[in-house]
Amino acid sequence: MKYRTLGRGGPRISALGLGTTSLMGIFGRRDPDVVADTLRHGLDRGINVLDTAPSYGGGFAEEIVGRVLRGRRDEVVLSTKVGCWAPEEFDFSARRIREGFEDSLRRLGTDHVDVLLAHDIEYGDPEEITGTVLPLLARLKEEGKARAVGVSGLPLPVLDGAVATGGVDVVLSYCRYGLHDTALEKPAVRWAEDGVTTLLGSPVAMGLLTQTGPPSWHPGSLELRAAASRAAALCAREGTDLALLALQFALANENLGTVLTGTGDRAHLAEMVRAADTPPDPQLLTAVLAEFADVPDVSWPSGGGRWPGTAA
């Protein structure tokens, strides 16, 4: 397992991390015992980053993570979020953040997290995020309840704006560095120069970059879906898996601190760990990237227009 550093002089973080978005139920419900066993197995294999949020299954994901952390808290770089409390339920008020974070700590069975993120900030009011939320996260850091703080979201201009205000240690974006879209590359380099670590969520772009294709609710364009389907067929002809190629591609980028991926299955996790230690096939990678070269819209709007640039 490869390791990198969180921020300047922070803890070692595994290049492959475990996310828990799949525990929201949007990809189907998972058996809690099986999921907990899989997460423990990931820790046994050298993965030390665990990312979760109160909105993932209405606290279900945090409860599972809390169970996994018993007796192993010191082994894990733990990340959770504030601001989104259930799917499509956002409240960035100071009181709600304080109360919700205390609930998260109880579910997680710890008195602090290593990374605390304002969740999908494009759904908040810009002035509230910069004037209330980021200063509150800084206070929670001063209080010892978080070792590093930051923001998460999809639109890169929004994340860039938050970093520019200062006080951001970590940025988590998702779906913005993959076989279909490498827009996160330049901001990640720029943020690293300021000591800000970039985490990538969903290297398979919420199921887009998989052999079975994205779920029906996926916001990607028809052109993007078609390109992904062609890429999956190409991988199948070569006897490989588009999702594993996407993971290898993301992990090869040294400007990403950790690439987060989720699974509730030990065998699938073992495949991902093996992929993390293997570079992508250069010829196959070139062919797959070519399938997305002329797709006009590789991302999609997020945030309802509250911020400038939320369609990017």
Side-chain angles (χ1 to χ4, degrees), residues 19-28 51 53 55-56 84 87-88 90 119-123 152-160 171-188 198-236 240-251 253 256 259-263 268 272 280 284-312:
T20 55
T21 308
S22 61
L23 301 183
M24 292 177 70
I26 55 175
F27 299 103
D51 176 75
S55 63
Y56 299 167
C84 182
E88 306 303 321
F90 292 89
H119 197 168
D120 288 351
I121 60 170
E122 66 267 29
Y123 287 92
S152 78
L154 179 74
L156 300 182
V158 173
L159 300 175
D160 217 12
V171 172
L172 168 58
S173 190
Y174 61 99
C175 304
R176 298 311 309 268
Y177 188 84
L179 300 168
H180 68 304
D181 178 8
T182 58
L184 183 59
E185 169 75 15
K186 290 183 179 179
T198 300
L199 309 181
L200 174 69
S202 195
V204 298
M206 300 191 301
L208 176 75
L209 304 175
T210 62
Q211 292 303 120
T212 56
S216 60
W217 49 259
H218 196 282
S221 68
L222 293 177
E223 293 88 350
L224 183 58
R225 288 165 175 258
S229 180
R230 294 193 300 270
L234 195 161
C235 286
T240 189
D241 185 292
L242 179 61
L244 293 179
L245 182 68
L247 181 62
Q248 290 173 318
F249 178 70
L251 286 167
N253 190 327
L256 303 176
V259 177
L260 297 165
T261 185
T263 180
H268 187 210
M272 291 190 289
L284 177 60
L285 179 60
T286 298
V288 167
L289 291 173
E291 295 294 344
F292 297 98
D294 297 323
V295 177
D297 298 310
V298 292
S299 190
W300 43 86
S302 179
R306 290 173 174 82
W307 296 65
T310 48

Original post:
Taking the inter-plane angle between the rings of H119 and F90 on a 0 to 90° scale, is it parallel (under 30°), tilted (30 to 60°) or perpendicular (over 60°)?
Top reply: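 Answer is perpendicular, since the angle exceeds 60°.
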**OP:** Give the ring-plane orientation class for F249 versus Y177, where under 30° counts as parallel, over 60° as perpendicular and anything between as tilted.
**Re:**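 Correct class here is parallel.
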Original post:
Between L199 and V171, does a side chain to side chain contact (heavy atoms under 4.5 Å, CB included) hold up when you go through it step by step?
Top reply: CA-CA 6 Å; L199 309 181; V171 172; over 6 Å; no
Is there a donor-acceptor pair under 3.5 Å between the side chain of [X] and the backbone N or O of [Y]?
X	Y	result
T20	D51	yes
H180	E291	no
W307	L159	no
S173	R176	no
R225	H218	yes
E122	R306	no

**OP:** Applying side chain to side chain contact (heavy atoms under 4.5 Å, CB included), run through C175 and L154 and close with a yes or a no.
**Re:** CA-CA 7 Å; C175 304; L154 179 74; 4.2 Å; yes
**OP:** Mind checking the OG1-OH spacing from T21 to Y174? Nearest 0.5 Å is all I need.
**Re:**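 It is 9.5 Å, given to the nearest 0.5 Å.
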Subject >> Value rounded to 0.5 Å, distance of CE in M272 from CG in L244 >> reply: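 It comes to 8.0 Å.
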Subject >> Evaluation steps, side chain to side chain contact (heavy atoms under 4.5 Å, CB included), between C235 and D241 >> reply: CA-CA 6 Å; C235 286; D241 185 292; over 6 Å; no
